[in-house]
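Each chain gets a letter, A, B and so on, in the order the sequences are listed, and its residues count up from 1. Worth saying up front: this structure is predicted, and the values here are computed from it rather than measured. FYI, side chains are in, hydrogens and waters are out, and symmetry mates aren't considered; it's all heavy atoms of this structure.
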Number of protein chains: 2
Amino acid sequence: MIDKSSPLPIYYQIEEQIKEQIMSGILEPGDMLRSEREYAEYYQVSRMTVRQAINNLVSLGLIYKKKGSGTFVQEKKIEQALHGLTSFTEDMRSRGLTPSSRLIDFSIIPATQVVAKELMIEEHTPVYEIKRIRLGDDIPIAFETNIIPANLVLGLTEEIVANSIYNYVENKLKLHIGSATQVIESATATKAEAELLDIPKQSPILLIERKTFLANGTPLELVKSSYRGDRYKFMININRKS
Amino acid sequence: MIDKSSPLPIYYQIEEQIKEQIMSGILEPGDMLRSEREYAEYYQVSRMTVRQAINNLVSLGLIYKKKGSGTFVQEKKIEQALHGLTSFTEDMRSRGLTPSSRLIDFSIIPATQVVAKELMIEEHTPVYEIKRIRLGDDIPIAFETNIIPANLVLGLTEEIVANSIYNYVENKLKLHIGSATQVIESATATKAEAELLDIPKQSPILLIERKTFLANGTPLELVKSSYRGDRYKFMININRKS
DNA sequence: GAGTGGTCTAGACCACCCC
DNA sequence: GGGTGGTCTAGACCACTCC
């Protein structure tokens, strides 16, 4: 059932097995899982190891515990996907659309005072400024401007930018993205936005300003996006307390 | 330093002490915490107990760990507040505004087919329908409609509704709110919305649809809100992976 | 090599829930 | 009372980082 000599941690293997049972429907919403002691006996591991697996699934929102009663499969199956911080690329894919980009501008400029303060760098430090129209199934969805300190992402090219920056940062540069703060507001399209997004002037648009941080708290980028109101709704799943 | 005979768990006491040291500035952003073994020795507890305290602080975003190196205080201090699922009341308070409500409608009606499906109840089951104008410092911020299965919140009164429903649900009914899915979009004010919110027709508004679930996965309520675009920005803090 | 966090064990006692 | 999850112990070996 589990491989104790595997490089994968035991708790992770147990976690995946229980997750698989929930996904496949062997365990249905509302069902009680076996007790921690039963799993420990079954897998021939200590109860603390089972607890680590189960606690991870609780924080993923797949199961929940009731003191003195047991552990149960969560009811909701819907919208399980839209947890956490996602890139435009991931966002489009989860909606079943094919993401692409049209590069408008790609340059290195000195940071303005405002940008420097936000990114916690010195004024005039070089930053990448990337302006892109972002498309889903070849239809314009958003106009996006990214500002990233140049020294954090050395070797950024137009080709990378045409795809996913997050993918490059995480998989090639091996930087660990931690969190982001987002501010979302409603506005009407300016003339420039209307032309770039191919919509009538004064149409509703969703303005999203994001500041992304690496896991160690270093600001990675500022993003300003203007999403077409008729083509895009922002969806998010949040938990009480955190 | 800690009280082992206290009803409060030891890990919680340690957690609070470290949190206090961060808040008070004894531990500054970027500082390395003492190692888990040192804390265990210092508090005369097992290392696993220390780990539980530290892991909780990591998931709160106050500190982060680096394999083989140590545990460090997070850099960001800003926007620490706007984590997690908040009620309108909590939201306004965190912005330094005094929340209040103007009740427009408070009635019990049979659930429509759409509502019944969303709330996973039978069609025609009684539900509360609550329409309120929500104000911050006596200025209209949003127009909100809540729909809640009547059997979940027996004893709901106009007085409760004039304050905070979440507060009543959690503290009086002792129900545990778990999570919510939210859909946010941009629109322009209809004539009705414009009048209720005291803004010009066609002004930008932020539409927020929320479905809230209890911890055991039972749908608690549907909320549709129309926020004034000029007075309200939606802010959120999200983590990568979750 | 010394120190760090990551994982794991084999027990233990407690409070809580349900019968 | 019997079962459940919550907390806790006193060890252990590992992979990783930094010097």
Is the distance from OP1 or OP2 of [N] to the nearest side-chain N or O of [X] less than 4.0 Å?
X      : N       : value
Y11(A) : dC8(C)  : no
R51(A) : dG5(D)  : no
K66(B) : dC16(D) : no
T49(B) : dC8(D)  : no
T71(A) : dT4(D)  : no

Residue pair N55(B) / K65(B), side-chain donor-acceptor N/O under 3.5 Å
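There is such a pair between these side chains.
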Donor-acceptor side-chain pairing of Y43(A) and T49(A) below 3.5 angstrom:
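T49(A) and Y43(A) do not have a side-chain donor-acceptor pair below 3.5 Å.
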Taking atom [atom2] of [N] as reference, at what distance in whole Å does atom [atom1] of [X] sit?
X      : N       : atom1 : atom2 : result
Q44(B) : dT9(D)  : CD    : P     : 10 Å
Y43(A) : dA10(C) : OH    : P     : 18 Å
E41(B) : dT9(D)  : CD    : P     : 13 Å
K4(B)  : dC13(C) : NZ    : P     : 16 Å
R37(A) : dT4(D)  : CZ    : P     : 7 Å
Y12(B) : dC14(C) : OH    : P     : 23 Å
Y64(A) : dG5(D)  : OH    : P     : 13 Å
M48(B) : dA10(D) : CE    : P     : 14 Å

Nearest to the [X] side chain among [options], which nucleotide is it?
X      : options                  : value
R47(B) : dG5(C), dT9(C), dG5(D)   : dG5(C)
P9(B)  : dT7(C), dT7(D), dG5(C)   : dT7(D)
S46(A) : dA10(D), dT9(C), dA12(D) : dT9(C)
K67(A) : dG6(D), dT7(C), dT9(D)   : dG6(D)
S69(B) : dC18(D), dG5(D), dC8(C)  : dC18(D)

With heavy atoms under 4.0 Å as the rule, sort I10(B) into base, sugar-phosphate or nothing.
sugar-phosphate
Are more than 12 heavy atoms from other residues, nucleotides or ligands located less than 6.0 Å from atom CZ of R93(B)?
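No, because the 6.0 Å sphere around CZ of R93(B) holds 12 heavy atoms or fewer from other groups.
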Pair E144(B) + K224(B): basic N to acidic O under 4.0 Å:
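So E144(B) does not pair with K224(B) through a salt bridge.
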Measuring only between side-chain heavy atoms, which start at C-beta, is L62(A) closer than 4.5 Å to E15(A)?
no
